Amino acid sequence: MTATLTPPAAGSAASVRAGAVLRRRTRLLALPEVRWAAAATALFLLALPLQLAGAPAWIWGPLYALSYATGGWEPGWEGLKALKDRTLDVDLLMVVAALGAASIGQVMDGALLIVIFATSGALEALATARTADSVRGLLDLAPATATRIAADGTEQTVPVDELTVGDTVLVRPGESVGADGRVLDGASEVDQASITGEPLPAAKEPGDEVFAGTLNGTGALRVRVERDASDSVIARIVRMVEEASETKAPTQLFIEKVEQRYSLGMVAATLAVFGVPLAFGEALSEALLRAMTFMIVASPCAVVLATMPPLLSAIANAGRHGVLVKSAVAMERLGQIDAVALDKTGTLTEGAPRVVDVRPLRERGLDEAELLTLAAAAEHPSEHPLARAVVDAARERGLDLPAAEGFTSAPGIGVRAVVGGRTVEVGAPARLLAEAEIEAEAEAEAEAERAADADGVVAALARELEESGRTAVLVVVDGTPAGVLGIADRLRPDAAATVAALTVLTGTAPTLLTGDNPRAAAHLAAEAGIEDVRAGLLPQDKVGAVRESEGAGHRVMVVGDGVNDAPALAAAHIGVAMGRAGSDLALETADAVIVRDELAAVPATVALSRRARELVMQNLVIAGVFIAGLVVWDLAGTLPLPLGVAGHEGSTVLVGLNGLRLLRDSAWKRAAAEGTG
């Protein structure tokens, strides 16, 4: 059973957004596969205790029959359609094997087989539907309407699909940008993490590019539209996710790779076992019994269980330790990777800016605590992420913040407030220093020289911080620079160890793929132990990097958290999303989710997957030996049906128990140890 992501019906983006008022998330019981599987399972669970309790067959028999019908009609029908295309489906053989088991009295075994396959199909259908929901929901990032400025200067509220290249739109503070374009007038900070993954809002002024779906800050912008809505970066992300989901061939479990040969061989052998003895005069009942016994002992039930219990046990064990692996196929893929690509913000880092340096200027007579107190008090009324980082740093140090008066905020420059009778300005060094120079020109020459000297010291401090990957924030008190704060997104504590472990497991060092600026990316990569750094990437660039690696023969695992990572997650051999800060699209697109954001769980899960694959191979050998032995016995001698069923069921139980070994906590501890080298 395979499925692909079904893209939204062709049409305008507005038609998709118009459906946003409807329930976007597919309800569980809205899927027919889920309803049929639930019905089959419920009927089986009703019949089984009645049979085991010794109830008459006329009570539990119809329940089993209904279980066969509800769970088996769909794979059976699909199998018949496949036959029309001259393809033999293993699902059809499972239905035939289940019916064959029932025909010789093994009703419960056949029903269990039906339930297993129906449940597998339901889970696959649900995963596909949820991914499609999330892709359609991505278009909600862009607003449905925009304010267009007409030639006569009047403002019109229009659907974004009516915007054309060359139109001018007004983006007010706090609004989402309606179209990809370039700023004509105004200054503001725009949160474009959904596109580039940058942890901090980007300052925008005339000439800068903005993207649809990004969030404007405190300033107003006039933007000239440069792309149609259907060609915006957000729309292209949607298309890339859809295309990747359609074209990425699902990795088959081992038994599915030999599906056609096994299926054809089993059918041919069963017919031969029935027909040849019959042609040589054997009684019909004896020939039929031998053929049914052959079908039972040659049935791939043990092979199916050889594959699934180790993978499902690994999924359950990983789930207990904060890793949600969405399917057995995904768990298998994890063990196949030989290359890793990591996102920066929210993946290698915590995804939130923090004050990591406090540098007061000695000549101002302020220490670190006093500088931080003044800056935090002035920033307290602001909602800017940098302001929150400064305030949080002061609170972590237990500093008392005095009240600020006369607060004002200038987009792209900073804030100003009166704190304890002193005028405090906090903002971008280049902008604040430029203002200080203008003010100094009107003062005495000596004062201007002192101001220039202070400016030189501040500029050197800011340059030093920025070269080390920090964002420099200048604090000015009463018109004179008082110190510089360094703000950065902090590396996760386990990031370096995770990079080293993934290098050991795959044999190649991970690559860093980020939309952040090259300087910040290079500094953080050096801390994490990554040498291959690709910065300033848009979503399509990340996909290109993944496909380039896969084109070189690698099986790539991508680890990310944002909307901008979703196309790469979909295009990769396996996609892993960080759970706490991850966007809905990333969580739905990924094959696995690190629920607790413990990066060290990634190599541990890879090691657990490889252990599961080892057990799968062990089980296939065990199942193959049992099947071969029983088949030879049935063909060369007379295998009693009860003994054949016992041998078949015994091998099934044996491989099942072997696979369940991965449920133990010791299996995770061993995987974690392997994942740390």
Side-chain angles (χ1 to χ4, degrees), residues 1-3 26-82 89-130 255 292 295-297 299-309 311-313 315-316 327-328 641-642 645-646 648-653 655-657 659-660:
M1 298 180 182
T2 59
T26 300
R27 290 179 295 117
L28 193 64
L29 294 179
L31 299 172
E33 295 91 344
V34 173
R35 295 198 297 270
W36 290 120
T41 303
L43 290 165
F44 177 81
L45 293 177
L46 285 175
L48 181 61
L50 292 173
Q51 181 188 18
L52 297 178
W58 61 268
I59 296 179
W60 50 262
L63 294 175
Y64 276 133
L66 289 173
S67 180
Y68 276 73
T70 54
W73 80 268
E74 189 173 32
W77 179 248
E78 292 299 323
L80 291 175
K81 289 196 294 185
D89 196 332
V90 155
D91 289 353
L92 178 61
L93 288 185
M94 290 302 94
V95 174
V96 172
L99 294 175
S103 71
I104 57 174
Q106 305 300 317
V107 179
M108 185 271 287
D109 293 340
L112 178 60
L113 189 59
I114 289 289
V115 167
I116 289 174
F117 273 80
T119 303
S120 174
L123 292 175
E124 185 174 8
L126 178 62
T128 301
R130 289 291 165 82
I255 186 57
M292 283 295 95
M295 175 171 280
I296 293 298
V297 299
S299 171
C301 294
V303 176
V304 171
L305 285 179
T307 306
M308 296 306 291
L311 297 173
L312 295 179
S313 296
I315 289 173
S327 69
L641 179 59
V645 171
H648 176 266
E649 296 301 323
S651 66
T652 301
V653 170
V655 298
L657 292 176
L660 295 179

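Bear in mind the structure is a predicted one, so any value in this text is a computation, not a measurement.
Taking the side chain to side chain contact (heavy atoms under 4.5 Å, CB included) definition, one finds that Pro49 meets it with nothing, sequence neighbours left out. Remark: Thr70 pairs with Trp36, Ala39, Ala40, Leu43 by the side chain to side chain contact (heavy atoms under 4.5 Å, CB included) rule, at least two apart or across chains. For Leu48, the side chain to side chain contact (heavy atoms under 4.5 Å, CB included) partners are Phe44, Gln51, Leu52, Tyr64, Met108, not counting sequence neighbours.
Of all non-hydrogen atoms in Ala57 and Pro62, the two that sit nearest each other are O-CD, 3.8 Å. Residues Val115 and Ser67 approach most closely at CG2-OG, 4.0 Å, considering heavy atoms.
Note that OG1 of Thr41 is 11.0 Å distant from CG of Leu46, once rounded to the nearest 0.5 Å.
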